[in-house]
Amino acid sequence: MPDLKANLNSRGTKEVALAYLNCGQPELEAAVQEWARPNGFQVVKSRTAETAAKWGNF
C-alpha cells in the first residue's frame, strides 16, 4: 500500500487515480482524495451502483 500511494504522489495521473478509486480499497480512496485537489481534480461520487473500472472492455 505505501508503494501504491507513493506512486500516485510521484507520477500519478487521472487514470491511475480512477483505478485507485474503483479498486474498493478505502486507504487508496483516501490517498486519491488528498492527491486530487493539488493536481487540479475533484472527486465526484456517482450514485450508480456499478461504477468500477472494467478492464479489457472496449
Side-chain angles (χ1 to χ4, degrees):
M1 200 65 64
D3 288 341
L4 292 173
K5 293 183 339 186
N7 181 55
L8 178 65
N9 289 321
S10 65
R11 335 176 256 252
T13 64
K14 179 175 66 171
E15 290 77 15
V16 170
L18 183 59
Y20 283 16
L21 284 173
N22 290 326
C23 78
Q25 176 56 253
E27 192 173 343
L28 290 179
E29 181 177 345
V32 171
Q33 294 284 356
E34 292 176 18
W35 173 88
R37 187 165 305 278
N39 287 281
F41 297 101
Q42 178 181 5
V43 176
V44 178
K45 293 188 178 190
S46 172
R47 292 182 183 206
T48 61
E50 183 135 354
T51 58
K54 304 246 187 287
W55 305 113
N57 290 336
F58 292 101

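- The list of ring-ring contact (aromatic ring centres under 6.0 Å, His included) pairs with a residue in residues 8-29, not counting sequence neighbours, is empty.
- Legend: side-chain hydrogen bond (donor to acceptor under 3.5 Å, both in side chains) pairs involving residues 31-42, not counting sequence neighbours: none detected.
- No option in Val43, Val16, Leu28 other than Val43 meets the side chain to side chain contact (heavy atoms under 4.5 Å, CB included) test with Leu21.
- To the nearest 0.5 Å, atom CG of residue Leu18 and atom CD of residue Glu15 are 8.0 Å apart.
- Looking at residues two or more places apart in sequence or on another chain, you find no side-chain hydrogen bond (donor to acceptor under 3.5 Å, both in side chains) involving Gln25.
- Under the side-chain hydrogen bond (donor to acceptor under 3.5 Å, both in side chains) criterion, Asn9 pairs with no residue at all, not counting sequence neighbours.
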